[in-house]
Amino acid sequence: MKKLSKVRTLARAAAVMGLALASAAPVTAAAAPAPAAAPPGLYCDTGKHAADDHTGYALCRNDGAAPRTFWVHLVCGWSPDVDGEHVTLDPGQSGQSTAHCAGLGTGIGEIHVRP
């Protein structure tokens with residue numbers, strides 16, 4: 001009987017220690033960074049291609065008074081991140097930059113517009 005009591009005590013102590021260690025882990029390790037806002041002077045819409053969830057795009061319009069250059073940046077999970085083509089827009093123009101994550105990876109995790 002005494003041996004069973006010691007086993008229970010050790011099991012409870014291990015469970016309490018596990019909870020304490022789990023709650024001490026930094027929260028930022030599991031949190032993904034939020035996508036950055038569109039560069040100044042640009043209004044952008046981002047998304048995944050309807051027929052291919054490994055292809056992402058940034059469709060932007062230059063609402064500023066000077067030419068602006070942008071490109072899409074895809075965070076690709078297990079595959080390396082990729083950048084799309086650089087697009088320069090004059091004031092009032094619209095354009096799109098696209099990129100494609102490797103097919104063997106997990107697909108697009110985040111889509112950013114870079115200046």
Side-chain angles (χ1 to χ4, degrees):
M1 219 31 143
K2 210 170 203 178
K3 189 173 186 178
L4 184 58
S5 177
K6 285 184 180 182
V7 170
R8 285 184 184 158
T9 301
L10 288 174
R12 284 186 193 134
V16 169
M17 181 60 92
L19 287 173
L21 290 174
S23 64
V27 174
T28 56
L42 293 175
Y43 173 78
C44 299
D45 182 31
T46 62
K48 296 179 185 180
H49 191 278
D52 179 7
D53 64 353
H54 282 75
T55 300
Y57 66 86
L59 176 61
C60 297
R61 176 179 168 80
N62 182 352
D63 288 335
R68 303 274 189 233
T69 299
F70 75 95
W71 61 93
V72 69
H73 174 80
L74 304 180
V75 178
C76 295
W78 294 346
S79 299
D81 297 349
V82 292
D83 288 329
E85 65 277 4
H86 291 211
V87 177
T88 301
L89 303 174
D90 288 326
Q93 283 187 322
S94 296
Q96 179 174 298
S97 175
T98 59
H100 185 80
C101 292
L104 297 176
T106 56
I108 299 171
E110 294 179 8
I111 302 174
H112 300 270
V113 180
R114 299 284 168 92

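Remember, it's a predicted structure, so these values are computed and weren't measured experimentally.
Residues Thr106 and Gly77 come closest through the heavy atom pair OG1-CA, 3.4 Å. Between Val87 and Gly95, the closest heavy-atom pair is CG1-CA, 4.5 Å. Nearest approach of Pro39 to Val113, heavy atoms of both residues: CD-CG1, 3.5 Å. Closest non-hydrogen pair, Gly64 versus Pro91, comes out as O-CB, 3.4 Å. Contact between Gln96 and Leu59 at its shortest, heavy atoms only, is CB-CD1, 4.0 Å.
No side-chain heavy atom of Thr55 sits under 4.5 Å from any side-chain heavy atom of Ile108. Side-chain contact between Val75 and His112: present, with at least one pair of heavy atoms (C-beta onward) separated by less than 4.5 Å. Here the side chains of His73 and Asp81 are in contact, with some heavy-atom distance below 4.5 Å. Counting heavy atoms from C-beta on, the side chains of Glu85 and Thr98 come closer than 4.5 Å. Using a 4.5 Å heavy-atom cutoff, the side chains of Ile111 and Val72 are in contact. Here the side chains of Val82 and Cys76 are in contact, with some heavy-atom distance below 4.5 Å. Between Phe70 and Asn62 there is no side-chain heavy-atom pair separated by less than 4.5 Å.
Here the side chain of Arg61 pairs a donor or acceptor atom with the backbone of Gly92 at under 3.5 angstrom. Distance alone, capped at 3.5 Å, is enough to place a donor-acceptor pair between the His49 side chain and the Ala51 backbone.
Here the OH-OG distance, from Tyr43 to Ser94, works out to 11.0 Å after rounding to the nearest 0.5 Å. With values rounded to the nearest 0.5 angstrom, Asp83 atom CG is found 6.5 Å from Arg114 atom CZ. Between His100 atom NE2 and Ser79 atom OG the span is 9.0 Å, to the nearest 0.5 Å.
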Next item on the list: Starting from the C-alpha separation in whole Å, work towards a yes-or-no answer on side chain to side chain contact (heavy atoms under 4.5 Å, CB included) for Leu42 and Leu89.
Entry: CA-CA 9 Å; Leu42 293 175; Leu89 303 174; 4.3 Å; yes
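Not counting sequence neighbours, the partners of His86 by the ring-ring contact (aromatic ring centres under 6.0 Å, His included) test are Trp71.
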